[in-house]
Amino acid sequence: MKKLILIDGNSIAYRAFFALPLLNNDKGVYTNAVYGFTTMLLKIIQEEKPSHMLVAFDAGKTTFRHKTYEEYKGGRQKTPPELSEQFPLIRELLDAFNIKRFELDNYEADDIIGTLSKEAEKEKWEVKVVSGDKDLLQLVSDYVTVVLTKKGITNVESYDEALIDEKYGIKPNQIIDMKGLMGDSSDNIPGVPGVGEKTALKLLKQFGTIENVLDSVDDVSGKKLKEKLIENKEQALMSKELATIFTEVPYNLTLDELKFGEYDEEKVVSLFKELEFKSLVDQFDTGVSAAEKELEELSFDVVEEVKEEHLATPAAMVVEVLDENYHQADIAGFALVHEKGRYFIPTETALRSDLFVEWAKDETKKKWLLDAKRGVVVLGWKDVLLDGVDFDLLMASYLLDPSHSSHDLSDIATRKGAKSIQADEAVYGKGAKRKVPETGVLAEHLVRKANVIYELKEQMEEELKKNEQFKLFKDLEMPLSVVLGRMETEGVKVDIDQLKAMGEDLASRLAELEKHIHEHAGVSFNINSPKQLGEVLFEKLGLPVIKKTKTGYSTSADVLEKLAEDHEIIRHILHYRQLGKLNSTYIEGLVKVTHKDTSKIHTRFNQALTQTGRLSSTDPNLQNIPIRLEEGRKIRKAFIPSEEGWKILAADYSQIELRVLAHIAQDEKLITAFKEDMDIHTKTAMDVFHVSEEDVTSMMRRSAKAVNFGIVYGISDYGLSQSLGITRKEAAKFIERYLASYPNVAEYMERIIEEARENGYVSTLLNRRRYLPELTSRNFNQRSFAERTAMNTPIQGTAADIIKKAMVEMALRLEEANLKSRLLLQVHDELIFEVPPEEVDKMMKIVPEVMENAVELAVPLKVDISAGDTWYDAK
DNA sequence: GCGATCAGCGG
DNA sequence: CTTTCGCTGATCGCA
């Protein structure tokens with residue numbers, strides 16, 4: 001049975017506004033109407049569990065009713081600004097809940113609601129109309145009830161025909177007659193003077209309709225009343241007309257589009273947080289989360305010995321690892337769900353079973369997982385090969401919408417309307433308290449997880465196909481996860497002794513620097529504490545305060561550099577910072593994660609995190625090993641091949657993002673520049689400053705480079721001003737000049753924003769998507785950010801697509817050619833391999849060829865490659 | 001033991 | 001008032 005809720009948005013917002021004191025959040029935004037609206041909404045959702053929902057709003061000031069009666073709604077107080085500023089927030093709220101909202105020029109919310117309720121009624125849907133306006137009662141029928149607010153906002157009363165009869169003694173369709181007679185001061189509907197509710201009802205009980213009253217006016221008792229009725233005949237009829245809800249509003253919605261159900265819980269909670277609806281955040285976290293929902297019964301078997309019947313294809317599979325870091329981690333257990341049943345298999349039972357191990361490595365046995373790489377790698381460490389991964393729910397969820405910060409199975413289940421399951425955190429606990437629960441609890445949880453994967457596979461693939469992302473999913477990200485898994489498991493060899501030697505050197509130099517700094521300061525303090533350092537510099541030494549953070553003085557490097565002339569201590573501090581960073585993050589950090597026996601580092605690439613499609617690397621992050629300063633670059637000397645005599649080979653795309661930009665903007669100037677393999681920053685300087693190549697100064701090139709940098713990373717004029725040390729205005733002018741020099745780029749920037757606003761998302765060459773709802777935000781910062789994102793994501797994302805494609809292709813080539821060379825790392829535009837000496841020449845040819853031909857663009861892709869004994873030497 | 005804050009590395 | 005991101009480490013206040 002379908003159940004449609006129709007909400008009179010304006011009416012409820014008004015009610016909420018006047019019912020509640022003027023709350024505001026710490027940014028000074030009034031939120032009381034939003035709050036009231038939200039509580040009402042949550043209550044309705046919880047109590048009514050609607051399948052469909054719509055909130056209607058009044059559109060402009062005038063409606064078709066004004067043609068009938070100019071003074072319609074005349075004399076009304078203007079909407080207080082404290083309320084009108086809350087409407088955009090209410091809209092945002094509804095969007096977060098994925099509730100359709102609708103307004104239409106010339107019509108009131110009532111008319112929209114009336115039209116849709118009639119429509120739904122025809123389909124025999126149950127309809128609930130929510131409003132504070134009694135006018136709506138005219139819509140009540142066998143299928144339609146009207147919920148009116150009584151006092152406050154959540155105190156409501158549901159009107160069906162019986163209740164209307166009880167209260168007024170009339171039928172719903174007589175409400176308009178009642179209004180016609182008695183009028184409505186709030187809408188400035190005149191009615192018949194002297195007739196109030198009592199008289200109106202009395203007349204209607206006797207005559208049924210206004211028309212009948214007027215026709216039989218002679219039978220009306222009371223001389224005065226009779227006169228008034230005759231005198232105001234036209235006015236009464238007009239008033240009835242005004243009060244009549246128009247039920248044939250032209251609209252372009254189908255009832256199905258009003259479907260309510262899936263929405264982004266995170267988005268809602270984050271909006272609540274922004275609005276400071278603390279109680280709602282709490283209530284929401286527990287009240288709507290899967291944890292509190294009653295879980296349906298689910299039968300399953302605990303496998304004691306793996307038999308044929310436990311293994312089928314396709315099968316949803318859970319390989320549970322509690323440690324966040326899955327390298328060399330313990331497996332808590334397995335679950336399999338397929339057509340033959342649902343099973344929990346204890347770790348040992350599975351791993352000692354030849355049947356299971358054979359099934360796992362059989363690529364014809366299709367497995368569906370969440371985070372396949374995790375499963376593959378953890379089993380790999382136990383020498384169990386997992387092949388035949390046919391579907392990865394994590395990748396699917398990420399590609400469909402990368403914006404979700406959690407791709408925890410319970411969150412995906414909630415979002416996608418699958419059977420709800422408990423969050424891992426609720427089952428295992430978090431932080432130090434995280435532990436494996438008793439077997440029964442664990443088994444059930446894992447089986448439920450596998451069950452959800454099984455349930456969602458088709459739906460997710462359909463969604464991917466609908467978005468034309470299936471190829472991206474199946475031919476790029478899925479194979480890539482296998483490649484990444486191998487890279488992670490292989491690891492990178494580290495010369496630990498060298499690392500330690502560098503550490504000792506750094507430690508002694510740091511001690512020396514510390515001594516100097518304390519002497520200069522005349523006091524011993526912790527240099528690593530920005531708080532203490534700030535006190536010393538700005539209070540004790542009285543240096544000028546250049547920038548403040550929200551908790552105190554800023555002591556960041558750019559601030560310190562400005563103070564370098566003022567005091568000798570600054571140089572030492574900067575140097576201390578530099579060495580300290582190297583020592584703690586890179587030396588100590590890397591030593592800590594280097595495997596004792598093998599001297600290898602196993603990072604993890606997160607393939608489902610960034611909004612642009614880039615990878616990230618953790619535990620440790622091997623994508624930010626120093627290179628710019630020689631001192632730091634030396635760290636790379638410690639990254640060595642894992643086998644004697646092998647080489648490290650590094651291949652990086654030259655200016656891949658700007659080449660991608662040239663391609664998508666189809667900018668002839670840029671395309672030519674790349675075809676001729678010019679130095680792109682020099683070229684940009686030439687174009688922006690209108691000078692010839694010889695006249696480009698280093699300052700010009702630096703500025704041009706910063707602008708190019710800004711284009712690639714989507715920074716603001718403020719960001720550019722910071723990086724160039726100029727004013728925001730000057731930075732804005734630079735950008736302007738850049739865009740004037742490359743009109744096609746300017747056109748692209750405008751086009752992509754427009755397109756994103758229309759579609760709600762931007763996409764990359766290979767159809768990766770990023771949704772940008774903030775493009776319509778009323779908040780300048782949010783909107784500007786979304787606009788820069790719209791411009792930048794197709795560029796950075798396409799570059800990510802390209803290198804990912806090259807990686808998959810490369811893995812294939814290595815296998816086909818039976819090469820021993822191994823891909824070790826990816827650093828956004830760079831691939832690092834280790835290569836046996838006899839393959840170096842071959843690889844120096846193959847790698848650039850594969851990378852440069854990963855896709856075909858309007859410009860050539862260029863790859864620089866070099867080999868050396870260490871990562872440092874591969875430059 | 002945890003989260004917030006500041007700082008700094010890479011692309 | 002806040003302006004590429006993602007990751008890590010040190011400090012500090014709080015429980």
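Order of the sequence lines fixes the chain letters, A, B, ..., with proteins taken first and strands second; residue numbering starts at 1 for each chain.
Side chains of A:Tyr761 and A:Arg769: a donor on one and an acceptor on the other come within 3.5 Å. No side-chain donor from either of A:Glu477 and A:Tyr398 sits under 3.5 Å from a side-chain acceptor of the other.
For the pair A:Arg577 CZ and C:dG9 P, the interatomic distance rounds to 17 Å; values are reported in whole Å. Straight-line distance from the NZ atom of A:Lys430 to the C1' atom of B:dC2: 9 Å, rounded to whole Å. If you measure from atom OH of A:Tyr713 to atom C1' of C:dG6, you get 12 Å, rounded to the nearest angstrom. If you take CZ of A:Phe605 and C1' of C:dG6, they are 13 Å apart, rounded to a whole angstrom. Counting to the nearest Å, the C1' atom of B:dT5 and the NZ atom of A:Lys548 are 15 Å from each other. We find that OH of A:Tyr586 is positioned 13 Å from P of C:dA10, with the value rounded to whole Å. The distance from atom CG of A:Leu533 to atom P of C:dG9 is 21 Å, rounded to the nearest whole Å. Rounded to a whole Å, the CD atom of A:Gln607 is 16 Å from the P atom of C:dG6.
Remark: A:Glu324 CD is loosely packed, at most 12 non-hydrogen atoms of other residues, nucleotides or ligands lying under 6.0 Å away.
When each of B:dG11, B:dG8, C:dT8 is scored by its nearest atom to the side-chain atoms of A:Asn624, the top-ranked nucleotide is B:dG8. Distance from the side chain of A:Asn781 is smallest for C:dT2 among the nucleotides B:dC9, B:dG10, C:dT2. In the set B:dA7, C:dT8, B:dG8, B:dA7 carries the atom at the smallest distance from any side-chain atom of A:Pro530. If you check C:dT4, B:dG8, C:dG9 against the side chain of A:Lys592, the one that comes closest is C:dG9. For A:Asn621, whose side chain is taken as the heavy atoms from C-beta onward, the closest listed nucleotide among C:dG6, B:dG8, B:dG11 is C:dG6. Among C:dC7, C:dA10, C:dG9, the nucleotide with an atom closest to any side-chain atom of A:Glu588 is C:dA10. Which of B:dG1, C:dG6, B:dA7 sits closest to the side chain of A:Gln611 comes down to C:dG6. For A:Thr610, counting side-chain heavy atoms from C-beta on, the closest listed nucleotide (C:dG6, B:dG11, C:dT11) is C:dG6. Candidate nucleotides B:dC2, C:dT4, B:dG8 were compared by shortest atom distance to the side chain of A:Lys581, and B:dG8 ranks first. Closest to the side chain of A:Ser716, from the set C:dA10, C:dT3, C:dC7, is C:dT3.
Contact annotation for A:Tyr718: base contact, defined as any heavy-atom pair under 4.0 Å involving a base atom. Nucleic acid contact for A:Gln532: sugar-phosphate only, since backbone atoms but no base atoms lie under 4.0 Å from a heavy atom of the residue. Here A:Asn526 lies in heavy-atom contact (under 4.0 Å) with sugar-phosphate atoms only. Counting non-hydrogen atoms under 4.0 angstrom, A:Asn792 reaches nothing in the nucleic acid. Within 4.0 Å of A:Ile625, counting heavy atoms only, lie sugar-phosphate atoms of the nucleic acid but no base atom. Contacts of A:Arg628 with the nucleic acid, taken as non-hydrogen atoms under 4.0 Å apart, include base atoms. Contacts of A:Ser784 with the nucleic acid, taken as non-hydrogen atoms under 4.0 Å apart, are absent. At the heavy-atom level, A:Thr789 lies nowhere under 4.0 Å from the strands shown.
Within the 4.0 Å cut-off from OP1 or OP2 of B:dC6, at least one side-chain nitrogen or oxygen of A:Thr551 is found. Of the side-chain N and O atoms in A:Thr585, none sit less than 4.0 angstrom from OP1 or OP2 of C:dG9. OP1 or OP2 of B:dT5 has at least one side-chain nitrogen or oxygen of A:Lys550 nearer than 4.0 Å. Checking the phosphate oxygens (OP1, OP2) of C:dA10, no side-chain nitrogen or oxygen of A:Lys531 falls inside 4.0 Å. The shortest distance between the side-chain N/O atoms of A:Gln578 and the OP1/OP2 oxygens of B:dC9 is not below 4.0 Å. In this model, the phosphate group of B:dA7 is approached by a side-chain N or O of A:Thr555 to a distance below 4.0 Å at OP1 or OP2. Proximity of A:Ser617 to the phosphate of C:dC7: no side-chain N or O atom is located under 4.0 Å from OP1 or OP2. OP1 and OP2 of C:dC5 both lie 4.0 Å or more from every side-chain N or O belonging to A:Arg614. Of the side-chain N and O atoms in A:Ser529, one or more sit less than 4.0 angstrom from OP1 or OP2 of C:dC12.
C:dT4 and B:dG3 are spaced 27 Å apart, taking the P atom of each and rounding to whole Å. Between B:dA7 and C:dC1, the distance separating the two C1' atoms is 22 Å to the nearest Å.
The residue from A:Asp371, A:Leu394, A:Leu484 that alone fulfils the side-chain contact (heavy atoms from CB on, under 4.5 Å) condition with A:Gln607 is A:Leu484.
Side-chain contact between A:Ile527 and A:Gln532 is absent, with no heavy-atom pair separated by less than 4.5 Å. Contact of the A:Leu720 side chain with the A:Arg728 side chain is not registered, since no non-hydrogen atoms from C-beta on lie closer than 4.5 Å. In this structure, the side chains of A:Thr793 and A:Leu772 stay at 4.5 Å or more apart for every pair of heavy atoms.
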Using the rule given for side-chain hydrogen bond (donor to acceptor under 3.5 Å, both in side chains), can you reason through A:Ser777 versus A:Gln782, listing the C-alpha separation, both sets of side-chain angles and the distance that settles it, and then say yes or no?
CA-CA 6 Å; A:Ser777 169; A:Gln782 281 186 16; 3.2 Å; yes

